Trainee: 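One structure follows; several queries about it will come next.
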Protein chains: 2
Amino acid sequence: MGRWQPDSRGRLQEAALALFAERGFDQTTAAEIAAQAGLTERTFFRHFADKREVLFGGSEVLKDRIVAGVAGAPKSNPPLDAVARGLDAAAGMLGEFRRDLASQRHTVIAANPELRERELAKVGDYAAAVATVLRRRGVGEPQATIAAEAGMTVLRVALERWAGGHDDRGLAVVMNDAMTQLRMVATDS
Amino acid sequence: MGRWQPDSRGRLQEAALALFAERGFDQTTAAEIAAQAGLTERTFFRHFADKREVLFGGSEVLKDRIVAGVAGAPKSNPPLDAVARGLDAAAGMLGEFRRDLASQRHTVIAANPELRERELAKVGDYAAAVATVLRRRGVGEPQATIAAEAGMTVLRVALERWAGGHDDRGLAVVMNDAMTQLRMVATDS
DNA sequence: CCCATGGATGTCAGTTCCAGACATCACCCT
DNA sequence: AGGGTGATGTCTGGAACTGACATCCATGGG
């Protein structure tokens with residue numbers, strides 16, 4: 001056994017989620033999280049750029065999955081269909097995750113403006129990446145950005161409904177549904 | 001003349017924009033902004049909840065304008081058309097503003113992740129307000145949220161193109177254009 | 001004309017977030 | 001055995017905020 005317990009990063013994430021859920025984000029200091037994980041505050045900030053970031057560990061992986069989904073769509077697909085492939089990939093990945101943890105995380109984030117801000121920024125980052133892929137597929141501007149942003153809106157709305165417990169169907173279904181609603185809303189006029 | 005110079009809030013906003021543009025957001029302290037405006041740090045934080053907020057002074061007014069625009073749309077308008085009315089109102093208000101200041105502000109925000117986060121949060125707030133108005137008009141969920149969020153996506157994209165100098169037409173035109181692109185992207189499949 | 005009140009500001013002290021610089025310790029490789 | 005490496009701890013300090021309290025001036029009532 002090493003000098004240190006394994007997976008410090010994971011332990012910090014677990015401790016943070018537990019403490020945030022228990023006392024709230026503002027009432028929890030980075031030092032407390034670190035202590036709970038058997039580490040020091042300084043080490044916390046070596047693993048996460050700021051206190052909020054500890055809740056967004058899998059974000060990069062998810063982005064890559066989405067991007068891969070979009071990139072893997074048939075060349076003939078119109079932009080929003082390609083984006084829908086990315087959403088399928090996202091639903092697949094998030095579906096593997098434990099539902100209760102996703103829900104707890106969602107509750108914590110929903111309760112704090114700073115965390116909601118960060119979440120929006122993350123999804124905005126996905127959108128930028130997706131737009132880049134779309135452009136590489138020959139989609140022009142502003143269509144690429146609009147399709148990407150609209151798609152990430154669908155992701156956020158579906159995730160909110162699913163993790164918020166307002167829709168008990170599978171995430172993939174909820175997301176598909178939201179995409180359909182977007183198409184209807186945009187068409188019907 | 002009073003004990004204090006008038007319009008402290010406005011002076012703080014001006015000073016902040018100037019300093020941010022000159023040295024960057026991170027390299028400017030709240031105390032420096034306050035000093036430039038002839039005030040103290042404590043007073044800065046009495047006017048603005050945090051350092052970023054000083055760049056988003058007119059945000060509430062803009063939200064009200066958008067909401068009013070949506071609420072004022074003919075009852076018969078489908079949701080996204082009503083939202084388009086809100087966007088017209090926004091374009092009208094932002095058009096009154098000095099273009100160079102809007103551009104400078106946009107440059108500062110674009111250069112800093114924390115500021116981009118805050119901007120996303122603001123627009124997300126508009127979306128929530130618009131969704132509420134739509135529901136009051138009888139639009140169900142998730143259509144209301146989707147229409148509102150899609151509309152605010154159009155706002156962001158158009159604003160980015162306009163303030164970023166990528167499109168020299170009037171803001172209203174750019175926004176109308178973006179809305180049309182959204183409809184096309186969502187339809188064509 | 002004086003004084004009480006209230007709003008905007010200043011002063012001071014304290015907490016927390018976050019980062020730079022450097023030390024330490026176990027492990028690994030040769 | 002010894003040096004290199006990576007993760008962690010320690011120390012220190014700046015900057016973002018916040019609460020408590022003092023101050024000053026405009027205003028209005030007496």
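Quick caveat: nothing in here was measured; it's all calculated off a predicted structure. Lettering of chains follows the sequences in order, A, B, ..., and the numbering in each one begins at 1.
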Trainee: Please state how far atom CG in B:Leu39 lies from atom C1' in C:dT11, giving the value in whole angstrom units.
Mentor: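 That distance rounds to 14 Å.
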Trainee: What is the distance from CG of A:Leu19 to P of C:dT16, rounded to the nearest Å?
Mentor: 14 Å
Trainee: Verify the contact: side-chain N or O of A:Thr29 to OP1 or OP2 of C:dT16, cut-off strictly under 4.0 Å; return yes or no.
Mentor: no
Trainee: Of the nucleotides C:dT9, D:dG9, D:dA16, which one has an atom closest to the side chain of B:Lys51?
Mentor: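 For the B:Lys51 side chain, the nearest candidate turns out to be D:dA16.
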Trainee: Rounded to whole angstroms, how far apart are CD on A:Glu53 and P on C:dC17?
Mentor: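 Value for this atom pair: 15 Å.
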Trainee: Hydrophobic clustering (ILVMFWY, side-chain heavy atoms < 4.5 Å, transitive) - are A:Leu115 and A:Phe97 grouped together?
Mentor: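 Yes: a chain of side-chain contacts under 4.5 Å links A:Phe97 to A:Leu115.
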Trainee: Would you kindly give the CD-to-C1' distance between B:Glu114 and C:dC18, to the nearest whole Å?
Mentor: 11 Å
Trainee: State, to 0.1 Å, how close B:Val130 and B:Ala148 come at their nearest heavy-atom pair, and which atoms those are.
Mentor: CG1-CB, 3.7 Å
Trainee: What integer distance in Å separates B:Glu32:CD from D:dC17:C1'?
Mentor: 16 Å
Trainee: Would you tell me if any nitrogen or oxygen in the side chain of A:His47 comes within less than 4.0 Å of OP1 or OP2 on D:dA7?
Mentor: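 Negative; the distance criterion is not met.
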Trainee: Just how far, in rounded Å, is P of D:dG14 from CG of B:Asp26?
Mentor: 17 Å
Trainee: Measure the distance from CZ on B:Phe45 to P on C:dA8 and round it to the nearest whole Å.
Mentor: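 Checked: the CZ to P distance equals 19 Å.
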Trainee: Between C:dT9 and B:Thr40, is there an OP1 or OP2 to side-chain N/O distance shorter than 4.0 Å?
Mentor: no
Trainee: To the nearest 0.5 Å, what is the distance between CD (B:Glu114) and CG (B:Asp26)?
Mentor: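 Going from the CD atom of B:Glu114 to the CG atom of B:Asp26 covers 6.0 Å.
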Trainee: What is the nucleic acid contact for A:Ala31, judged by heavy atoms within less than 4.0 Å: base, sugar-phosphate only, or nothing?
Mentor: nothing
Trainee: Which listed nucleotide (D:dT10, C:dT9, C:dC17) is nearest to the side chain of A:Glu41?
Mentor: C:dC17
Trainee: What I want to check is whether an N or O donor and acceptor connect the side chain of A:Arg42 with the base of C:dG20 at under 3.5 Å.
Mentor: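 Between C:dG20 and A:Arg42, which were checked side chain against base, a qualifying N/O pair under 3.5 Å is present.
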Trainee: Distance from A:Ser103 atom OG to A:Arg98 atom CZ, nearest 0.5 Å?
Mentor: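 Nearest 0.5 Å value for the OG-CZ distance: 11.5 Å.
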Trainee: Whole angstroms only, please: what is the CZ-P distance between A:Arg46 and C:dG20?
Mentor: 11 Å
Trainee: Report the C-alpha distance between A:Thr132 and A:Arg135 in whole Å, list the side-chain angles of each, state the deciding distance to 0.1 Å, and finish with yes or no for side chain to side chain donor-acceptor pair (under 3.5 Å).
Mentor: CA-CA 5 Å; A:Thr132 298; A:Arg135 278 190 296 270; 3.3 Å; yes
